[in-house]
Every structure is written in structure tokens, then in C-alpha cells.
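Worksheet for the structure shown next.
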Amino acid sequence: MSKIGVFIEIVDQALGKSVPGVVGAACRGGDVVGFVLDDLADKDRELLEEYGVTEVVVVGGREVALSELPVSAGLALADAVKASGVKALLGVSSSTGNDLLTRAALSLQAPLVLDCTGIDFNTNCVRKSHFSGKATATLQLTAAPFVCGIRPNSFDPVPEKVACTITKFEYAGPIDDAITVTGVEKSGSGRKDLAEADIIITGGRPIGSSENFKILEECADTIDAAIGASRAAVDAGYAPHSMQVGLTGKIVSPKLYIGCGLSGSVQHFAGMKSSKLIVGINTDKDAPIFSKSDYGIIGDLFEVVPLLTRQLQKRR
Amino acid sequence: MRIYVCIKQVPDSEAIIKIVGDTEYNREVVYVVNPYDEYGVEEAVRLKENNGDGEVIAVCVGGEGAVSALRTVMAMGVDRSVLVKTGEQFVGSDLTAQALAWVIEQEGPADIIFAGKQSMDSEGMQTPYRLGAQIGLPVVSNVVNFSLEKTTALVQREMGGGLRESLTVKTPCIIGANKGLNEPRYPKMHAILKAKKKEIKVLDIAELTIQDNSGVQLKGLHPAEDRSEARILEGTAEEAVSSLVDILAEQRII
Ligand SMILES: Cc1cc2nc3c(=O)[nH]c(=O)nc-3n(C[C@H](O)[C@H](O)[C@H](O)COP(=O)(O)OP(=O)(O)OC[C@H]3O[C@@H](n4cnc5c(N)ncnc54)[C@H](O)[C@@H]3O)c2cc1C
């Protein structure tokens with residue numbers, strides 16, 4: 001059976017929430033080998049064992065932290081992948097994931113497709129969005145190993161308890177400090193990551209101020225949701241760009257998307273139309289959002305959302 | 001200071017895309033400058049303005065019609081342009097990067113290169129990186145903050161969960177721009193008129209001795225399924241919310 005590699009992304013000192021889904025995609029193609037930079041915490045290894053990862057390669061870089069040197073990290077990941085003999089390398093198509101997967105693929109001179117929503121290991125074909133969700137492209141990767149970024153929430157994790165062995169890969173290549181990470185800071189809400197959330201509640205222009213997002217936050221707290229904003233709300237200064245969903249913001253595919261005071265523009269839908277269930281709350285019965293959602297409530301978000309919060313609190 | 005901006009022309013986000021044959025789409029759609037590229041253009045022009053001198057050169061790989069995208073960015077302050085003409089609707093990032101590198105080689109070494117972090121049509125996200133590999137410059141993409149010191153650029157990238165990563169990059173370098181980097185200007189009338197007189201060099205991609213080594217082939221394009229009309233939850237606000245909560249519980253979402 002062939003082996004499929006998965007880049008194990010560590011976010012804010014914990015296993016990225018979308019990693020198990022990518023492992024779920026990889027296990028369709030063979031035994032899953034994880035690749036992690038620098039170090040793997042015990043709690044993260046245990047989590048990977050829940051999802052069938054039988055081997056993890058810790059890619060280390062002599063005296064340096066590879067996670068702070070993206071150029072060397074890409075080279076090191078490529079070398080480790082080559083040495084392992086995996087047929088493919090998958091990873092989360094996040095900001096960090098895309099960056100490292102691309103650097104590794106270029107070093108390997110391997111075919112690369114990012115933001116895949118489907119993968120077939122028999123034909124080596126992947127699917128991805130074109131024209132911001134208006135079309136889907138099928139692309140064939142014609143050499144191995146190949147590298148694919150997987151859009152978060154495109155695949156379900158497949159629970160399978162196994163024991164995981166850890167091996168070390170000592171990177172022996174050049175240490176390139178042309179790019180150095182000097183720090184990570186929180187901007188915006190510091191809430192749950194939009195791309196990884198199962199539920200998202202979004203506010204549009206009528207939210208009117210950054211303070212009013214509190215109404216959405218209270219609701220979000222009852223169902224562990226992330227908060228999004230339309231571009232109109234971001235450009236009006238009610239929310240930071242990191243919260244924007246859409247064509248020029250985040251692409252999300254949660255199980256539930258509740259749009260509060262969104263007109264339903266094509267550009268907004270470009271970022272969330274692959275959500276499983278979409279609910280629109282809008283005062284205007286003719287708002288475009290109602291022509292492409294699953295459920296609609298015609299009403300004022302300032303009345304409807306607090307009611308929703310109260311009913312959800314009661315259910316808990 | 002020689003600053004390059006990489007430009008792509010893409011269908012407008014409002015355009016209705018109809019698939020033609022297996023791997024093409026309706027050519028009569030309205031085209032615009034790829035929105036992410038506008039952030040790159042704005043940053044390039046500001047850099048030149050703040051610097052007091054220098055030249056901003058736009059390089060584009062695209063169809064003949066892409067001349068209008070180049071006129072738009074020249075109205076925003078780009079000094080001159082080079083168009084590498086192709087008849088293909090989809091030119092992969094590997095070939096695109098080789099063509100961009102070829103032009104940059106001809107026009108002189110870059111002090112800095114801006115590009116959009118991704119294009120809105122094929123959403124590849126790879127061109128800045130591939131260009132970097134072609135010409136041996138460091139690349140940072142997804143950039144929302146940029147400033148230039150003597151031999152380094154200080155940049156911030158947007159990460160998930162509202163995190164921002166700060167990095168230093170040795171210059172010359174390539175920056176993949178994201179929304180948030182700046183507010184692109186709307187060109188004024190006199191700038192639009194002035195742009196009509198600016199130079200656009202045109203060369204054919206066939207003149208370049210390059211070939212696609214990406215190992216990726218577009219096999220098919222399929223229209224996405226449209227979502228249907230919402231079921232409106234009737235009654236008072238209280239009743240509608242109540243039905244919604246029941247539905248969410250039934251579907252085990254909450
Ligand atoms: C190149 C480009 C890229 C873009 N990228 C994005 C993007 O990434 N994301 C994005 O969101 N947009 C994007 N846009 C902008 C997009 O076209 C729309 O302008 C924007 O999405 C509208 O935001 P909105 O729905 O919040 O506001 P509006 O269009 O103003 O709609 C507000 C809606 O709320 C309803 N409403 C008013 N008051 C209430 C109330 N009290 N309760 C309930 N409903 C109420 C109104 O009936 C209306 O339907 C982009 C545009 C372009 C050209």
C-alpha cells in the first residue's frame with residue numbers, strides 16, 4: 001500500500017483543527033505519514049493517533065527553529081518527503097499551510113494544487129474552485145510525489161485508533177534567513193478561526209458599529225460559533241479585515257452559516273456558498289440572500305438574533 | 001528604484017460564467033484587473049511616491065484585451081507596461097512565472113516586485129512563489145502590511161484565527177498582496193487621460209522559449225450547482241426562531 005504524507009500544522013501551539021480532516025482525505029490513498037516541523041507535543045501525537053496516523057516524521061533543523069525560517073522549512077520539508085517515499089504530500093490550505101506546501105513543492109519540482117475540495121488517488125485528479133465558486137475545475141497531477149493543499153472542512157476526519165511511531169529527520173541543507181518570522185500577534189476578535197469553525201454567524205452593513213457585534217458574539221457563545229463580517233461592514237470600520245468573508249476575504253465552508261443583515265451579494269457568496277446550511281436574516285423579503293439560502297427569517301437582526309440567543313441558551 | 005507589479009486580467013466578479021467545451025468559458029464576459037493585484041499596484045505607486053523617484057512597471061500575461069487592464073493600472077500611477085500576449089484562457093502559474101521572469105530579465109533587475117496573492121479566475125495562489133523560484137528572490141504572500149527599510153522589508157501576513165505573523169525579508173523580494181494592505185485609489189480623469197499616452201510593449205508568448213513544467217493539466221470545468229430558494233420560516237419573530245432552532249437540533253447541528 002502506498003504512503004501519503006500530511007503536513008501537520010501547529011496553530012497557536014496546538015494541532016490545527018483542520019488537520020484531522022486532511023488526514024481523512026489522505027487515508028483514502030494509503031497509510032498516513034505526518035510531517036511536523038521542529039517538535040510534536042504529546043497531546044498532539046495522541047490526537048493524531050485517534051485518526052489513524054501511524055508514523056510522524058519530526059523535521060528538525062540543527063540549531064534553528066525551522067518554523068521561524070520559512071525558506072529553510074520548505075527545503076527541509078521537501079527533503080523529508082523525498083526521503084520518506086510518500087506518493088503525495090497533503091496539508092491544510094491555510095495561510096501557513098499554503099506557504100510551506102508551495103515552498104516544498106517548488107523544491108521537489110512536484111505538481112502542486114492548492115485549495116482542493118476533492119481528491120482521487122486512483123486517477124491522481126483533484127477538484128478545486130474556479131471563478132470564486134462559480135465553477136469547479138478537475139486537474140490531473142501527472143508526476144509523483146505531488147503536493148495538494150486541502151480546503152478546510154472539505155473532508156471529514158475518519159476516527160481510527162492506532163499507535164504512532166515518531167522518527168526524526170535531520171535537515172542537512174542550507175539555513176536560509178532571507179525570510180525570518182519575528183513574531184505573531186493577535187489582531188481582531190481573537191475568537192475562533194473562521195476557516196475552521198463548524199458554525200459561523202456573520203454581520204452585514206446594518207450592524208452599524210463594532211459594539212453591535214456583541215449581539216452576534218452572545219449568540220455565537222451559545223453554539224461555539226465564529227464571527228464573520230461582510231466587506232461593507234469591514235470597510236465601514238465595524239470589524240477588522242481578518243473577519244471578512246467573501247471574494248476578497250476568507251473562504252469558509254462551515255456546517256451552518258447564519259447571515260444577519262447580508263444582502264447576499266455574489267462577492268459575499270463567493271466566500272461561503274459551500275457552507276452546508278445557510279440561514280439568512282433580513283428585513284427585506286426580496287433580498288437576494290433568500291434566493292440562495294436554505295432557510296430565511298424575514299425580520300430585524302436586532303430583534304431576531306437576541307431571540308435566537310435566548311432560545312439556544314434554553315436548549316443547552 | 002525599479003518596481004514591478006504583476007497584473008492579470010480576470011472576469012468581473014459579477015460576470016456570469018458559462019463553460020464552453022471542456023476547459024474554456026464564454027469570452028464575452030466583462031474583464032477587470034484582478035482585485036488583489038490592485039493592492040499591489042497601490043503599494044508600488046505609494047512606494048515610488050514616498051521614495052521621490054523610480055519607475056513602476058506593470059507586467060501582464062494575458063489576451064490582447066488585457067491592454068485595458070494595463071491602462072487602468074497606469075491610470076493608478078504605473079509608468080509603463082509590458083504585455084506578454086497569449087491566446088489561451090488559462091495560462092498556468094508555471095508558464096506565467098517564466099514569462100514574467102523573462103520580461104523582468106529584459107527590463108532590468110527589480111528592487112521590489114508586487115503581485116496579487118491569488119487570481120480570481122483560476123485561484124492558483126502560486127505565481128508569486130514560482131516567480132521567486134525563477135529569478136531567485138524571496139517571496140512572502142498574503143501580505144497585509146508592508147514597509148521598506150534599507151536592505152529589508154518588514155511585512156505582516158494574515159494567518160487564521162485573527163493572527164498576524166510579522167516577518168523580515170531581505171530585499172529585493174516579491175510581495176503577494178492581500179486586501180487590507182492599503183486602499184487602492186480611484187484614478188482621476190486627468191490620470192486616465194495621461195495613461196492613454198503611456199507605453200505598452202507587446203510581445204507574443206510564442207517568442208519566448210518557455211514550456212509548461214508544472215505537471216498539472218486542466219481536465220475539465222464544471223458549472224457549480226446553484227443553491228435554491230430559501231424556505232422562509234413563518235410566524236412572529238419568536239415563532240420563526242423557534243422553528244429554526246428545531247430544524248438545527250433535528251439536523252444535529254446544535
Ligand atoms: C471586487 C470586489 C470584491 C468584493 N469582496 C467582497 C467580500 O469579500 N465580501 C463581501 O461581503 N463583499 C465583498 N464585496 C462587496 C459586495 O459587492 C457587497 O457590496 C457587500 O457584500 C454588501 O455587504 P452587506 O450585505 O453587508 O451590505 P448591504 O448590501 O448594504 O446589505 C444589507 C442588507 O441588510 C438588510 N438589512 C438592513 N437593515 C437590517 C436589519 N436591521 N436587520 C436585518 N437586515 C437588515 C438590507 O435589506 C440589505 O439586504 C466585493 C465587491 C467587489 C466589487
Side-chain angles (χ1 to χ4, degrees), chain A residues 11 71 94-96 98 102 106 111-115 129-143 178-190 193 195 223 241-242 247-248 255-256 266-267 280 290-299 303-304 307-308 311-312 315, chain B residues 11 13-14 17 19 35-36 120-126 129-130 133 138 140-142 144 157-170 179-180 213-224 226-227 229-233 237-238 240-242 244-245 247-249 251 253-254:
Chain A
V11 182
V71 180
S94 59
S95 186
T96 308
N98 283 344
T102 306
L106 287 176
L112 167 71
V113 182
L114 297 172
D115 204 31
S129 154
H130 270 35
F131 308 105
S132 23
K134 288 178 196 163
T136 309
T138 303
L139 299 152
Q140 189 167 43
L141 303 132
T142 57
I179 305 173
T180 309
V181 177
T182 54
V184 175
E185 69 180 53
K186 276 229 182 315
S187 77
S189 62
D193 184 7
I223 44 177
H241 175 249
S242 59
L247 187 69
T248 45
K255 297 203 173 82
L256 170 64
V266 265
Q267 293 90 356
F290 291 135
S291 66
K292 38 197 179 182
S293 300
D294 297 286
Y295 297 98
I297 295 180
I298 299 167
E303 183 192 355
V304 174
L307 281 173
L308 180 60
Q311 292 215 18
L312 289 169
R315 289 257 168 176
Chain B
S13 52
E14 301 276 355
I17 301 292
I19 312 297
Y36 287 114
M120 295 285 183
D121 51 358
S122 50
E123 305 178 31
M125 312 172 185
Q126 300 176 21
Y129 290 92
R130 290 192 183 275
V140 185
S141 197
N142 224 348
V144 290
R157 311 176 55 216
E158 199 169 79
M159 321 277 283
L163 297 176
R164 276 181 174 210
E165 189 177 61
S166 301
L167 308 106
T168 58
V169 194
K170 289 186 181 155
K179 177 175 183 276
N213 301 316
S214 66
V216 178
Q217 272 174 19
L218 178 61
K219 287 285 171 189
L221 275 176
H222 331 278
D226 272 337
R227 298 188 77 106
E229 211 53 48
R231 196 186 117 200
I232 300 294
L233 304 173
E238 185 85 53
V241 166
S242 190
L244 176 62
V245 172
I247 290 163
L248 298 181
Q251 304 203 9
I253 291 171
I254 52 165

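Lettering follows sequence order; numbering is per chain, from 1.
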Just give me the residue among [options] that pairs up with chain A most often, heavy atom to heavy atom, under 4.5 Å.
options                        : result
B:V169, B:L233, B:I19          : B:L233
B:A249, B:S122, B:S141, B:G124 : B:S122
B:E238, B:Q251, B:Q126         : B:Q126
B:N213, B:N142, B:V245         : B:V245

Residue part contacting chain B, namely of [X], when any heavy atom lies under 4.5 Å:
X      : value
A:I223 : side chain
A:D294 : both
A:L106 : side chain
A:A195 : neither
A:E303 : side chain
A:V113 : both

- Query: Of all residues at least two apart in sequence or in a different chain, which pass the side chain to side chain donor-acceptor pair (under 3.5 Å) check with A:Q267?
  - Reply: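 Scan of A:Q267 (side chain to side chain donor-acceptor pair (under 3.5 Å), adjacent residues dropped) gives B:S13, B:E14.
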- Task: Could you tell me which residues satisfy side chain to side chain donor-acceptor pair (under 3.5 Å) with B:S166, sequence neighbours excluded, listed by chain and number?
- Result: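 B:Q156.
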Out of curiosity, [X] [atom1] to [Y] [atom2], how far, rounded to the nearest 0.5 Å?
X      : Y      : atom1 : atom2 : answer
A:L256 : B:L248 : CG    : CG    : 5.5 Å
B:T168 : A:I179 : OG1   : CD1   : 9.0 Å
B:E229 : A:S293 : CD    : OG    : 9.5 Å
B:H222 : A:T136 : NE2   : OG1   : 6.5 Å

Any non-hydrogen side-chain atom of [X] less than 4.5 Å from a side-chain atom of [Y]?
X      : Y      : answer
A:T248 : B:M120 : yes
A:S242 : B:E158 : yes
B:L163 : A:K186 : yes
B:R130 : A:L112 : yes
A:Q311 : B:S242 : yes
B:M125 : A:T102 : no

[X], part contacting chain A, at a heavy-atom distance under 4.5 Å:
X      : result
B:R157 : side chain
B:A237 : both
B:D121 : both
B:I232 : both
B:S214 : backbone

- Query: Which heavy atom in B:Y36 sits nearest to a heavy atom in A:L247, and how many Å separate them?
  - Reply: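 In this case the closest contact between B:Y36 and A:L247 is OH-O, 3.2 Å.
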- Item | Heavy-atom closest pair, residues B:A230 and A:G296 |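 Result for this residue pair: CB-N, 4.0 Å.
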- Message: Can you confirm whether more than 12 heavy atoms, excluding those of A:K255, are under 6.0 Å from its NZ atom?
- Response: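 Incorrect, the count does not exceed 12.
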- Query: Would B:M159 and A:D193 count as a side-chain contact (heavy atoms from CB on, under 4.5 Å) if you check the C-alpha gap in whole Å, the side-chain angles of each, and the deciding distance to 0.1 Å?
  - Reply: CA-CA 9 Å; B:M159 321 277 283; A:D193 184 7; over 6 Å; no
- Please check if the side chain of A:T142 supplies one atom and the backbone of B:G215 the other of a donor-acceptor pair under 3.5 Å.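 Side chain of A:T142 to backbone of B:G215, a donor-acceptor pair under 3.5 Å: yes, one is there.
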